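Predicted model, so just to flag it, every value in this text is computed and none were measured. Residues take their numbers from the sequence shown, with the count starting at 1.
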Amino acid sequence: MNPASTSSSPSLRQRLSRWIPCLAWPRPSAALLQNEAMAGITVALMVIPQGVAYAALAGMPLVTGVYAALFPALVAVIFGASQRLSVGPTALTSLLVGASLAPLAVPGSAEWVAMAVWLTLMSGAIQIVLGAGGFGWLLRLVNSPVLVGFTQGAAVLIAVSQLPALLGFTGRTIPQLLQGGPPPDLVAIAFGLGGIAVLWLGKRLVPRFPTTMALVAGAAALSWSMDYALRGGAVVGSLPSGLPSFYWPGALPPGTLGALVLPALMITLVSFLETASSAKVDNARAGTLWNENQDLIGQGLAKLASGFSGAFPTSSSFSRSAITLYAGAQTGWATLFSVVVVAGALLWLMPLLYHVPQAVLAAVVVTAILGLVKPASFMALWRISRIEAGISLGTFVLTIATAPSIYWGVLGGLLASLAHYMYRHLHPRIIEVGLHPDGSLRDRRLWKLPPLAPRLYAVRMDAELDFASASTLERALTVALAERPELTDVCLFAQPINRIDITGAEVFGSIRRMIEAKGVRLHLSGMKLPAMQVLDRAGLLAPGPLLFSYRTDGEALAALASRVDEAAPAEGNDAGTPLSPAASARSAPPTPD
């Protein structure tokens, strides 16, 4: 055997596994396959009834919910970086499809299906482009408060949309219920509320047991035994058997296609956030670093597979992924077993779903989203930051108020969050520092500290010196020089400044010229190398008689103490006690607060 060829084979596999992560899976053993099979079957028995329920939520033919759990899951596990994610239909993406298409077509019609598939293909293409270009960081713009507000608002809308089925008014909307009509179906109410109780108890008492599938099977048997469908009860009805065939949605008018762009972006965003919540848990347990860009590619390809199957957008389900982990899955082999079970169900088991009451499907949806409703999270945000809590609550209200176009809730929250971010950068924390008894430099006014020296203005800005913050620093120094004409020294403790842009450099030049024009000495302490290099390239650190630079705050304090003492040996303590050399020695190196 050629040693060179032996050593080159693993490297080739490594290079290929970067784009096809399944090549890095461990070679399966009998024990591993047995464990993965149990986990995969458990998830499959959960995703089949969930898929049917989520298809109804998306306004799609019910069988497409099972299609969305077949090829998309297979493609995602082959090309995705996180092996143990359960990819398929989810409540949030299904709601987004239904809400986005409601003004454009009739649910379940051919036009609706075609537009849903276009949404799926557009969202998948966006994810692939973002992942291949390494732009996964762009989707981090949506922070936790916005996500909390949106998911809870969407959860409320999902629950409200299922009320007619749960309360025995299947096929009628909330406004139609308010107008009166036939009495409710008491049997449907029993199926719906009973289903919620069974799922709730099953999740808490036997979390590893496929309670969802057991509930669906039991409800179907009970419905068949009592001839519920023949008595006019709302049931799932006939579902076509067989694997999905290739589906092409056909061309759409440019205006209609343009109306789908914003919903496709929102589906991309929400889908990726769902994936992130599951992938971070998966990678944390595996002790690996999350490759978000590869997961974007895998999820994008999964959406393409879903679209070409005639189904709707898929995502990673946090609840099913948690079940996968809880069931002991270690690799992507569990997903392969799940795909086999789903394929078998499509081939042979679809007729068994005929008698399943639609109220039970509503119970499955409501139970799945109950975990998203956490009112206490708003109070937790309020205790930490009232502004961000307000943004979260505003996102929640806007999501509900703009239904069915609920993506405006995310956009509104995102704009409010970015506005708050810019406000904080336009108003950086600039403080005059004093020497704390513990030897650190802290806010002189907050801690009621004396100034470092009578004719010294010691200032620190806890922000970058850029286009947003530079003018605020210039204004603070201008005001200080105007209000205190006796100043002889200004010291900028620059350690927190880790970046300076062109605007920041220009403003620094103006500050230096203004200070030197007044005959005041400028001291720079602890400036980091990247910031110093920017100023140096701009020629703003040229040596001069009124410019002094120090590597550490301790050096600056020692030099300032001796310089101020020499400049004003007879000064009194009207502006505070001058810093003594002993104090400066005690402060080296000070710790910024």
Side-chain angles (χ1 to χ4, degrees), residues 21-22 39-40 42-44 46-48 50-51 53-54 57-58 65-97 120 123-124 126-128 130-131 136 139-140 142 147 150-151 154-155 266-286 288-307 311-327 329-336 338-339 342 365 368-369 371-372:
C22 67
T42 301
V43 173
M46 183 178 182
V47 74
I48 292 171
Q50 275 193 350
Y54 293 155
L57 185 61
V66 188
Y67 292 167
L70 184 64
F71 293 132
L74 179 63
V75 171
V77 79
I78 291 175
F79 294 99
S82 303
Q83 302 177 21
R84 297 177 292 182
L85 299 188
S86 176
V87 176
T90 63
L92 283 180
T93 51
S94 300
L95 175 66
L96 281 170
V97 171
T120 308
S123 178
I126 293 170
Q127 285 190 305
I128 293 172
L130 289 175
L139 299 177
R140 301 176 198 164
V142 177
L147 182 59
F150 173 74
T151 53
M266 289 300 102
I267 289 172
T268 299
L269 177 61
V270 172
S271 171
F272 183 72
L273 293 174
E274 286 187 306
T275 300
S277 63
S278 303
K280 288 177 181 178
V281 175
D282 179 26
N283 284 272
R285 293 196 178 185
T288 56
L289 184 65
W290 180 37
N291 186 345
E292 59 187 14
N293 291 312
Q294 187 60 42
D295 268 340
L296 270 172
I297 294 174
Q299 295 284 327
L301 291 172
K303 284 183 173 61
L304 296 187
S306 183
F312 48 95
T314 56
S315 184
S316 297
S317 167
F318 186 81
S319 59
R320 293 197 303 269
S321 298
I323 292 295
T324 304
L325 294 174
Y326 191 79
Q330 301 177 29
T331 67
W333 289 103
T335 298
L336 297 185
S338 178
V339 167
V342 172
V365 173
I369 59 94
L372 299 177

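- With hydrogens and angles disregarded, a donor-acceptor distance shorter than 3.5 Å links the side chain of T275 to the backbone of S271.
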Query raised in the report: Yes or no on side chain to side chain contact (heavy atoms under 4.5 Å, CB included) for V342 and V66, after CA distance, side-chain angles and deciding distance?
Result: CA-CA 7 Å; V342 172; V66 188; 3.8 Å; yes
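- For L74 against V339, the heavy-atom pair with the smallest separation is N-CG2, 4.0 Å.
- Pairing each heavy atom of I369 with each of A155, the nearest pair is CD1-O, 3.5 Å.
- Taking OG of S338 as the start and CD1 of I48 as the end, the distance is 7.5 Å to the nearest 0.5 Å.
- Applying side chain to side chain contact (heavy atoms under 4.5 Å, CB included) to V270 and the options T151, T90, L96 leaves one that passes, L96.
- Not a single donor-acceptor pair under 3.5 Å links the side chain of S82 to the backbone N or O of L85.
- The distance from atom CG of L273 to atom CG of L147, rounded to the nearest 0.5 Å, is 5.5 Å.
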Practice problem: Could you walk me through whether I128 and L296 pass the side chain to side chain contact (heavy atoms under 4.5 Å, CB included) test, one step at a time? | Solution: CA-CA 6 Å; I128 293 172; L296 270 172; over 6 Å; no
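- A donor atom on one side chain and an acceptor atom on the other are not found under 3.5 Å apart for S321 and S86.
- Across all non-hydrogen atoms, the minimal contact from P72 to V87 is O-CG1, 4.2 Å.
- Heavy atoms only, all atoms of each residue included: E274 and S315 are closest at OE1-OG, 3.0 Å.
- In this structure the side chain of F272 never reaches within 4.5 angstrom of the side chain of Q299, judged on heavy atoms.
- Nearest heavy atoms, A302 versus V75: N-CG1, 3.8 Å.
- One N or O on the side chain of S306 and one on the backbone of F312 form a donor-acceptor pair closer than 3.5 Å.
- For the pair P89 and T314, the tightest heavy-atom approach, listed with the atom from each and the gap, is N-CG2, 4.3 Å.
- Without hydrogens or angle criteria, Q294 side chain to F79 main chain gives a donor-acceptor distance under 3.5 Å.
- Between V97 and I267, the closest side-chain pair of non-hydrogen atoms falls below 4.5 Å.
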